[in-house]
Number of protein chains: 4
Amino acid sequence: MAERSKKAIRREQIVRGLMRVLAKRGYAGAPISAVAREAGLTPGLLHYYFKGKQQILLELIEAIQATALERFEERLARASNDPWKRLFAFTDALLEAGGSQDADDAAACWVAIAAEAVHEPAVRRRYRSSLEELATLLRPLLTDVLAAEGRSSEDLTSAVAAITALIQGVHHVDAMAPELAPAGSSARVARHMIVGIVQAQSQVGSHDLPNDAGRRREHR
Amino acid sequence: MAERSKKAIRREQIVRGLMRVLAKRGYAGAPISAVAREAGLTPGLLHYYFKGKQQILLELIEAIQATALERFEERLARASNDPWKRLFAFTDALLEAGGSQDADDAAACWVAIAAEAVHEPAVRRRYRSSLEELATLLRPLLTDVLAAEGRSSEDLTSAVAAITALIQGVHHVDAMAPELAPAGSSARVARHMIVGIVQAQSQVGSHDLPNDAGRRREHR
Amino acid sequence: MAERSKKAIRREQIVRGLMRVLAKRGYAGAPISAVAREAGLTPGLLHYYFKGKQQILLELIEAIQATALERFEERLARASNDPWKRLFAFTDALLEAGGSQDADDAAACWVAIAAEAVHEPAVRRRYRSSLEELATLLRPLLTDVLAAEGRSSEDLTSAVAAITALIQGVHHVDAMAPELAPAGSSARVARHMIVGIVQAQSQVGSHDLPNDAGRRREHR
Amino acid sequence: MAERSKKAIRREQIVRGLMRVLAKRGYAGAPISAVAREAGLTPGLLHYYFKGKQQILLELIEAIQATALERFEERLARASNDPWKRLFAFTDALLEAGGSQDADDAAACWVAIAAEAVHEPAVRRRYRSSLEELATLLRPLLTDVLAAEGRSSEDLTSAVAAITALIQGVHHVDAMAPELAPAGSSARVARHMIVGIVQAQSQVGSHDLPNDAGRRREHR
DNA sequence: TATGAATGAGCTTTCATTCAT
DNA sequence: AATGAATGAAAGCTCATTCAT
């Protein structure tokens, strides 16, 4: 068990080392030697615990995802059975930023990871399965909300995709141009948007939206 | 004019070369030699027209932005004075994807550009000013819509940030996991979300959203 | 003649361009393009007037030498028939520095030229013939002084070499560590040394110098 | 100790590699690959032990200086307390050439180093401090000689600069046109000049040298 | 387990020179 | 005479990875 523990500790050390360097300097600016230095280890040792640099990145993706999902679990446990609260437990958990250095680092890393995913098949696979996992968790939460609001679930897929995209976009803007969005407002803004999506759901798909949107008001 | 054209043509050739390679292989995977090959030129010549690799990237950011804004201008010219149509001219222009190879490439590039922006100050500056330009264009469009809907503009900043984030996120998902969102649904989904945001505007800021959200409709 | 003149003017322009860049940035830091810019010409044109970069350097060596010898001629013309004055006309002409920008540039160039001469046979040849020309001019001047002082000319060769070395060394120090020698003192210091050499001449070659030097005083 | 030795040995190997290539081909003609080949190492390894090419050069400057000063220490240890002998221990140590391949290489290197010093601030700094170190060592030696000869030390600075310049110039001529000076005569010639300088010292500063010089002896 | 020396491939960039115009 | 676009060969440097210890 001490053996197993040592290995796990080392791997975690290394993954955290990559996270910190990646957040500050990007993937190309994160040579193994810098990651090793950040982790307090030597370059050679990284290859003892990981087959290659990419393996560390893959594990980082999992780690970031796992951390976000842990936050979700915690919030979910404290949430009542109210479907809205459960849904927001999810979005708040994923959009929590500025709270900790780790959360900020994770957001910055996520952008770098996405860039790698564009052209590295292995990274792309892992990255996609992260997105799919989020979608899988999100789907029942959203279904419950729609049910509670008396809406149909016909365009559920699009709504899930939209929320997923929104989450990515918020990470993006938080990492790159935090001054665009008032500090800490991300989660709150996202809640508004999601409320909007759910409200819009009922009209979606059957109308030419702009005209309809304008007319809807007139009927008031 | 032919003189001016020669230089401009070469630079455009090079920028397009970077765009294509960048979309497929990422920034680190886009060596000057590959960009030159893609552009049908020699590596040395790229440095004749550009001071360095980063300069090409900066020009690419401008080019992508310019192309998107051209699409916006076109749509705006064809749009009536209806504030909703004008707003959607903007979002549709920015989210149009799958239409052309260039548009898809641009979306993929945007992710790579963002990753560079995280740690390259010059790229970050240009990237930010792109986001700010979008926000600047978006603000009056959204203000008009809110006015037409009889809503206040008090939380305009957050709404603009939200839409900007959404656009980035959609590019992200389109580039990385297009199967999450049904083909070509991005622009339509975005319209729904924006309608939702505007509708949500009136309640924003005064209520604790999760609790309120579920009940809001019931009270109507 | 206008044709001939044009060509001569251009070549001089180019050589002066190299001199200025060479003095500031060294040979490796003096690309053809920079020389052309300094000369107000285009890179292609330099190769029209010179076969290659090295040719310009060779002509620069001649130009610097010619300028120094012109200064010598001028001073010699104004000097009386006093052998010492004629000798100092030579050393002063070669060590004049700080007087003009050109003279300072020339000193700095001379160091760069020497460095090229170490490994470029053609440069080395020209450089050596410059030194030999100086030696040739110096020899009769020194002979006359020795004769006037009633000294033998037996170690003339060494004395000439010594003065030549001193001139090079002064250029060296002037270019690199001007604060070591009080401003403008080079020529004056050199005069002192040369007086010393001539005075020492008579004892040179037959004694073990240190012992002798010490004893010489005792005999006073 | 073996650990310390390994690193020190490698660095010395590399510095010597640079010295040999530099002496033959100049700085621009001494690519890292050639230095590595000369040292029996691979190019990548040079960057493992040195941050860059310039760092190797800086270390070479120190090494050459250190070697010369070691020779000086040796000679000084064997010298009596005679001030002349001690002074000549210095000049002989610095002008010893033709004795070893290393000494010849060092002289040729010195010219290349000077050329770099003209335009590379870091090299210039190190080069200057070498000259200043020489001056610092030379000053007390010369002061003692002047005292022993009953001369004042009023123009000590100029005399030190003059001797320093002479040493540089002799290296220069030795490296470039050794046939100008009879083989091995450098040190001997330098002795003569220095004796001359010391003798000239007493007249320095009070007379207009050229006019006076010829007559000086006659008046005695 | 751990180290860090060593390698080699690959990158960006510079530049003398050529040449069509 | 003059331009400046184009080439291609090199250079310095970085870094993932391997491996002897």
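Naming: A, B, ... by sequence-line order, numbering from 1 per chain.
- Considering CG of C/Leu60 and CD1 of C/Ile64, their distance stands at 4.0 Å, rounded to 0.5 Å.
- If you take CD of A/Glu120 and P of F/dA16, they are 13 Å apart, rounded to a whole angstrom.
- Comparing C/Ala28 and D/Leu45 along DNA chain E, the residue whose closest nucleotide (by nearest heavy atom) sits nearer the 5' end is D/Leu45.
- Between D/Lys7 and E/dA6 there is no side-chain polar atom (N or O) within less than 4.0 angstrom of OP1 or OP2.
- Among the protein residues, D/Phe50 comes within range of no part of the nucleic acid, since none of its heavy atoms lies under 4.0 Å from any strand.
- Judged as a salt bridge (charged side-chain N to carboxylate O under 4.0 Å, His left out), and not counting sequence neighbours, A/Arg10 has no contacts.
- Listed by chain and residue number, nothing satisfies the side-chain hydrogen bond (donor to acceptor under 3.5 Å, both in side chains) test with A/Glu12 (two or more places apart in sequence, or in another chain).
- The separation between B/Tyr49 atom OH and E/dT12 atom P is 20 Å, rounded to whole Å.
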Residues 111-124 of chain C side chain polar contacts: donor-acceptor under 3.5 Å, at least two apart:
residue	atom	partner	partner atom	Å
C/His119	ND1	C/Ala115	O	3.3
C/His119	ND1	D/Arg25	O	3.2
C/His119	NE2	D/Arg25	O	3.2
C/Glu120	OE1	C/Gln54	NE2	2.7
C/Arg124	NH1	C/Val118	O	3.3
C/Arg124	NH2	D/Ala175	O	3.1
C/Arg124	NH2	D/Met176	O	3.4

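- For A/Tyr27, there are no ring pair (Phe, Tyr, Trp, His ring centres under 6.0 Å) partners at least two apart in sequence or on another chain.
- OP1 or OP2 of E/dT7 lies within a sub-4.0 Å distance of a side-chain N or O belonging to D/Thr42.
- Residues passing the side chain to side chain contact (heavy atoms under 4.5 Å, CB included) test with C/Ala39, sequence neighbours excluded: C/Leu41.
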Protein-nucleic acid N or O pairs under 3.5 Å, nucleotides 17-21 of chain E:
residue	atom	partner	partner atom	Å
E/dT17	OP2	C/His47	NE2	3.2
E/dT17	OP2	C/Lys53	N	3.0

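- B/Arg10 has its CZ atom 16 Å from the P atom of F/dG4, to the nearest Å.
- With rounding to whole Å, B/Arg37 atom CZ is found 12 Å from E/dG10 atom P.
- Considering only the side chain of C/Lys6, F/dA2 comes nearest among F/dA6, F/dC15, F/dA2.
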Item to check | Dot-bracket line, read 5' to 3' along DNA chain F, where crossing pairs take [ ] and | marks a partner on another strand, Watson-Crick or G-U under 3.5 Å | outcome: .||||||||||||||||||||

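- When rounded to the nearest whole Å, the span between CZ of B/Arg25 and C1' of E/dG10 equals 16 Å.
- Aromatic ring pairs are classed by plane angle as parallel below 30°, tilted from 30° to 60° and perpendicular above 60°; the pair C/Trp110 and C/His171 is perpendicular.
- Checked against side chain to side chain contact (heavy atoms under 4.5 Å, CB included), D/Ala36 has the following partners two or more places apart in sequence or in another chain: D/Pro43, D/Leu46.
- Taking only side-chain nitrogens and oxygens, C/Tyr48 never comes nearer than 4.0 Å to OP1 or OP2 of F/dT3.
- Residues passing the salt bridge (charged side-chain N to carboxylate O under 4.0 Å, His left out) test with C/Arg37: none are found, sequence neighbours excluded.
- Between the CD atom of C/Gln55 and the P atom of E/dA16 there is a distance of 15 Å, rounded to whole Å.
- Residues C/Gly29 and A/Leu46 each lie close to DNA chain E; by heavy-atom proximity, the contact nearer the 5' end of the strand is made by A/Leu46.
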